[in-house]
Amino acid sequence: MVSVSECCLCLLNIIKFSMSLYLILNIASFIIPFLYSFEKRMKFSNRWKIVFPSLIITALFFIVWDIIFTKIGVWSFNPRYHSGINFFGLPIEEWLFFICIPYASIFIHFSFQYFLPNVALSGTVVKRIYWFLMILVVPVTILNFDKWYTFVNFSMFILVLTIAVFKFPVILKTYFLTFLIILIPFLLVNGILTGSFIEEPVVFYNNNENLGIRLGTIPVEDVGYAFTMLLMSLVLMKIMERKNESI
């Protein structure tokens, strides 16, 4: 039988969960894009059959990464701002992050494509941006092989971006643009998670494992992390689209 103390602890966790700042950020990021997914013109909900599978596959990859980095001390989570409900060492809010934030970001990407269908970069410009980023990121990655977050993060950035530019360049014709828009809410949400506007960070970063360069309170690596996570989902969506078209 469940003891009274266990019942009380469960109730306290439920109350704490409902008041979690991290949960509030997840819901606030997700709710408006979700509601507008049923908008009659864009009908983003019609894409769910490929959106959610791609998000889940990407989330599983990044969650495994997250679990490992939490265990080896690359980052940690402030119990003050999450519910205390953990799975494999991650707060449940962190699990929700990998669905709520990417969903909202991908919604922005496709909204841009729908309402501004003629705004896109040329293939030549995409290639130039790619090579500029490689010239910038590859040396940083190599020279910081001893910093876990910097090395793994930028290595994944290089890999996913290279696959996209040579196999799915059509994605990047708008994604390079939409990511600049996505950065606005990203900087706000991630700024709060890393300590902006609040007394303590929601997520603590071990600066021995990153470059120590911050955009306000945000480690610069987080920008590459977000770029890679969203691009991976878009690439998976494109693969699923092509597979459906060939059936």
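This one's a predicted model, so the numbers in the text were calculated from it and none came from an experiment.
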Visitor: Testing the basics here: between T70 and G89, what is the closest heavy-atom pair and its distance to 0.1 Å?
Guide: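 For T70 and G89, the tightest heavy-atom pair comes out as CG2-O, 3.9 Å.
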
Visitor: Looking at every heavy atom in both G224 and F157, which two are closest together, and how far apart are they?
Guide: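 For G224 and F157, the tightest heavy-atom pair comes out as O-CD1, 4.0 Å.
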
Visitor: With L21, which of L193, N26, I192 fulfils side-chain contact (heavy atoms from CB on, under 4.5 Å)?
Guide: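 That would be I192.
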
Visitor: Could you check whether any side-chain N or O of N78 sits under 3.5 Å from a backbone N or O of P201, counting only pairs where one atom can act as donor and the other as acceptor?
Guide: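 Between the backbone of P201 and the side chain of N78 there is a qualifying donor-acceptor contact (under 3.5 Å).
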
Visitor: Measure across G84 and H82 and return the closest heavy-atom pair with its distance rounded to 0.1 Å.
Guide: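 Result for this residue pair: N-ND1, 3.1 Å.
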
Visitor: Please list all pairs passing the side chain to side chain donor-acceptor pair (under 3.5 Å) test where one or both residues lie in residues 182-195, with sequence neighbours left out.
Guide: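 Of all non-adjacent pairs touching residues 182-195, those that pass side chain to side chain donor-acceptor pair (under 3.5 Å) are N190-D222, T194-T217.
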
Visitor: Taking only residues two or more places apart in sequence or in another chain, which ones pass side-chain hydrogen bond (donor to acceptor under 3.5 Å, both in side chains) with S111?
Guide: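 side-chain hydrogen bond (donor to acceptor under 3.5 Å, both in side chains) check on S111 returns nothing, list empty.
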
Visitor: Taking side-chain hydrogen bond (donor to acceptor under 3.5 Å, both in side chains) as the test, write out the residues that go with T178, two or more places apart.
Guide: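 Partners of T178 under the side-chain hydrogen bond (donor to acceptor under 3.5 Å, both in side chains) test: H109.
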
Visitor: Using ring pair (Phe, Tyr, Trp, His ring centres under 6.0 Å) as the criterion, list what pairs up with F154, not counting sequence neighbours.
Guide: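 Partners of F154 by the ring pair (Phe, Tyr, Trp, His ring centres under 6.0 Å) criterion come out as none, since no residue qualifies.
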
Visitor: List the atom of M240, the atom of P53, and the distance in Å for their closest heavy-atom pair.
Guide: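 The pair with the smallest heavy-atom distance is CE-CB, 3.7 Å.
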
Visitor: Who are the ring pair (Phe, Tyr, Trp, His ring centres under 6.0 Å) partners of F98, not counting sequence neighbours?
Guide: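 Applying ring pair (Phe, Tyr, Trp, His ring centres under 6.0 Å) to F98 gives none.
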
Visitor: Test your reading of the model: is there a side-chain donor-acceptor pair from T141 to the backbone of F151, 3.5 Å cut-off?
Guide: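 Not at all, since once roles are kept as given, no pair shorter than 3.5 Å links the two residues.
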
Visitor: Could you tell me whether E221 and K147 make a salt bridge, using a distance below 4.0 angstrom between a side-chain N and a carboxylate O?
Guide: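 No, no charged N to carboxylate O under 4.0 Å.
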
Visitor: Would you say Y175's side chain and F227's backbone share a donor-acceptor pair under 3.5 angstrom?
Guide: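 Flag set: sc Y175 to bb F227 pair under 3.5 Å.
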
Visitor: What residues form a ring pair (Phe, Tyr, Trp, His ring centres under 6.0 Å) with F62, not counting sequence neighbours?
Guide: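 Here the qualifying residues are W65, Y225.
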
Visitor: List for me each residue that meets salt bridge (charged side-chain N to carboxylate O under 4.0 Å, His left out) alongside E39, sequence neighbours excluded, and say none if there are none.
Guide: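 With neighbours one apart ignored, the set is R41.
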
Visitor: Taking the six-membered ring for Trp and the full ring for Phe, Tyr or His, determine whether the centres of F107 and F34 are under 6.0 Å apart.
Guide: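 No, the ring of F107 stays outside the 6.0 Å limit from the ring of F34, centre to centre.
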
Visitor: Tell me which pairs pass side chain to side chain donor-acceptor pair (under 3.5 Å) where either residue lies in residues 230-239, with sequence neighbours left out.
Guide: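 Checked against side chain to side chain donor-acceptor pair (under 3.5 Å) - neighbours excluded - the pairs reaching residues 230-239 are T58-S233, K238-E241.
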
Visitor: Restricting to ring pair (Phe, Tyr, Trp, His ring centres under 6.0 Å), what partner residues turn up for F168, sequence neighbours left out?
Guide: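 Partners of F168 under the ring pair (Phe, Tyr, Trp, His ring centres under 6.0 Å) test: none.
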
Visitor: Using the side chain to side chain donor-acceptor pair (under 3.5 Å) rule, collect all pairs that involve residues 124-137, keeping only residues at least two apart or in two chains.
Guide: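 Listed once each, the pairs are Y130-T162.
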
Visitor: Under the rule for side-chain hydrogen bond (donor to acceptor under 3.5 Å, both in side chains), what residues qualify as partners of E209, not counting sequence neighbours?
Guide: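 E209 satisfies side-chain hydrogen bond (donor to acceptor under 3.5 Å, both in side chains) with no other residue.
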
Visitor: Is there side-chain contact between L161 and V137, with at least one heavy-atom pair below 4.5 Å?
Guide: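 When only atoms from C-beta onward are counted, V137 and L161 do not touch, as no gap falls below 4.5 Å.
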
Visitor: Please list all pairs meeting side chain to side chain donor-acceptor pair (under 3.5 Å) that have one or both residues in residues 95-104, counting only residues at least two apart or in different chains.
Guide: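 Passing the test, one end in residues 95-104: S37-Y103, W48-Y103.
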
Visitor: I142 and I135: same hydrophobic cluster, using ILVMFWY side-chain contacts below 4.5 Å?
Guide: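 I142 does not cluster with I135.
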
